[in-house]
Trainee: 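Below: one structure in structure tokens.
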Amino acid sequence: MITLGAVIESKRVVFARCKKCGRIYWHFSDEEPWSVMEGRLNQHLWWHVSKGTMTPEEAREGWHRWFDLIWYRVFDPAKTRMSIKRYRALHPDFISLHDYNIWKQMAQIYPSGLINIARSAFNERLKLRNTLGG
């Protein structure tokens, strides 16, 4: 059960991975509107068209078709009675406010570190999907 008041609704992180090339993008909800991220993802599809790795028809299908997404919600550990480790075990789609702030800093000063975090998250999801047979 998620502790009432622990979730910070205004903060989310989204990782997007291109199904064609594996490129990773991220979005922090308190930095820019989602429409900016959608524009970035669609622009990436047209980059594929310019390189000849995708047809214009495929690009027009939009980012929904060509990107896998992982959404993380943010919680404040100070407002829950559980440890961060326990909370994350029960709610894998959540990260702590502390981690959220670190990820934002990484995006600015060490983007390859954040890309590694995203790749690990996608790999974990893939393992889970294969384990569950979905």
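From a predicted model like this one, the values you see are computed outputs, not experimental measurements. Sequence positions, counted from 1, serve as the residue numbers for this chain.
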Trainee: To the nearest 0.5 Å, tell me how far I117 CD1 sits from Y72 OH.
Mentor: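 I117 CD1 to Y72 OH: 9.0 Å, rounded to 0.5 Å.
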
Trainee: Are side-chain heavy atoms of S112 and M106 found at a separation under 4.5 Å?
Mentor: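 Not touching, per the 4.5 Å side-chain cut-off.
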
Trainee: Evaluate the criterion side chain to side chain contact (heavy atoms under 4.5 Å, CB included) for residue pair Q105 and N101; output intermediate values, then yes/no.
Mentor: CA-CA 6 Å; Q105 288 177 352; N101 291 328; 5.7 Å; no

Trainee: Please report the interatomic distance CG(N123) to CZ(R125), rounded to the nearest 0.5 Å.
Mentor: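 These two atoms lie 12.0 Å from each other.
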
Trainee: For A16 and L41, which heavy atoms make the closest approach, and how far apart are they?
Mentor: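 Minimum heavy-atom separation between A16 and L41: CB-CD2, 3.9 Å.
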
Trainee: Under the side chain to side chain donor-acceptor pair (under 3.5 Å) rule, collect the residues that match up with R60, sequence neighbours excluded.
Mentor: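 Checked R60 against side chain to side chain donor-acceptor pair (under 3.5 Å); zero matches.
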
Trainee: What is the distance from atom CH2 of W66 to atom CD of E61, rounded to the nearest 0.5 Å?
Mentor: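 The distance works out to 6.0 Å.
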
Trainee: Taking only distance into account, with no hydrogens and no angle test, what donor-acceptor pairs under 3.5 Å do side-chain atoms of residues 49-57 form with protein atoms, sequence neighbours excluded?
Mentor:
| from | atom 1 | to | atom 2 | distance (Å) |
| --- | --- | --- | --- | --- |
| S50 | OG | W47 | O | 2.6 |
| T53 | OG1 | H48 | O | 3.2 |
| T53 | OG1 | H48 | ND1 | 2.6 |
| T55 | OG1 | E58 | N | 3.1 |
| T55 | OG1 | E58 | OE1 | 3.4 |

Trainee: Should L45 and I24 be regarded as members of a common hydrophobic cluster, given that ILVMFWY residues are connected when their side-chain heavy atoms come within less than 4.5 Å of each other, either directly or indirectly?
Mentor: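 Looking at the clustering, I24 is in a separate group from L45.
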
Trainee: Y110 and I102: same hydrophobic cluster, using ILVMFWY side-chain contacts below 4.5 Å?
Mentor: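 The answer is yes; both residues are in one hydrophobic cluster.
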
Trainee: Who are the side-chain contact (heavy atoms from CB on, under 4.5 Å) partners of F28, not counting sequence neighbours?
Mentor: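 Result, side-chain contact (heavy atoms from CB on, under 4.5 Å) vs F28: V13, W26, D30, E31, Y100, W103, K104, A107, L114.
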
Trainee: Not counting sequence neighbours, which residues clear salt bridge (charged side-chain N to carboxylate O under 4.0 Å, His left out) with E32? List them please.
Mentor: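 Partners of E32 by the salt bridge (charged side-chain N to carboxylate O under 4.0 Å, His left out) criterion, ordered by chain and then number, come out as R40.
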
Trainee: Is it possible for you to say whether F75 and V14 belong to one hydrophobic cluster, with membership spreading through side-chain heavy-atom contacts below 4.5 Å?
Mentor: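 Different hydrophobic clusters.
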
Trainee: Quick test of your reading: applying salt bridge (Lys or Arg N to Asp or Glu O under 4.0 Å), list the pairs with at least one residue in residues 105-123, sequence neighbours left out, ordered by first then second residue.
Mentor: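 Found none.
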
Trainee: Test ring-ring contact (aromatic ring centres under 6.0 Å, His included) on W63 and W46; report intermediate values, then the result.
Mentor: CA-CA 10 Å; W63 65 265; W46 289 100; over 10 Å; no

Trainee: Determine whether H44 and K20 make a side-chain contact, defined as any pair of heavy atoms from C-beta on separated by less than 4.5 Å.
Mentor: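 No; the side chains remain at least 4.5 Å from each other.
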
Trainee: Go through the steps for R73 and E9 under the test side chain to side chain contact (heavy atoms under 4.5 Å, CB included), then give the verdict.
Mentor: CA-CA 7 Å; R73 295 172 70 192; E9 293 296 343; 2.8 Å; yes

Trainee: Would F94 and V7 count as a side chain to side chain contact (heavy atoms under 4.5 Å, CB included) here? Give the steps.
Mentor: CA-CA 9 Å; F94 281 80; V7 178; 3.6 Å; yes

Trainee: What is the distance from atom CD1 of I70 to atom CZ of F122, rounded to the nearest 0.5 Å?
Mentor: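 The CZ atom of F122 is 4.0 Å from CD1 of I70, to the nearest 0.5 Å.
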
Trainee: Got a second to check how far F67's CZ is from K19's NZ, nearest 0.5 Å?
Mentor: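 Going from CZ on F67 over to NZ on K19, the span is 10.0 Å.
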
Trainee: Within 45 degrees of the axis of the six-membered ring of Y25 and under 6.0 Å from its centre: does R23 put its NZ or CZ there?
Mentor: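 Judged by the rule, R23 and Y25 form a cation-pi pair.
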
Trainee: Which residues pass the salt bridge (charged side-chain N to carboxylate O under 4.0 Å, His left out) test with E38, not counting sequence neighbours?
Mentor: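 With neighbours one apart ignored, the set is empty.
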
Trainee: Mind checking whether S29 and W34 have side chains closer than 4.5 Å, heavy atoms only?
Mentor: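 No, every pair of side-chain atoms sits at 4.5 Å or beyond.
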
Trainee: Enter the distance from L69:CG to R17:CZ here, rounded to the nearest 0.5 Å.
Mentor: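 Interatomic distance, L69 CG to R17 CZ, rounded to 0.5 Å: 10.5 Å.
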
Trainee: Please report the closest heavy-atom contact between D76 and I8, naming both atoms and the distance.
Mentor: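 Smallest heavy-atom distance, with atoms named: CB-CD1, 4.1 Å.
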
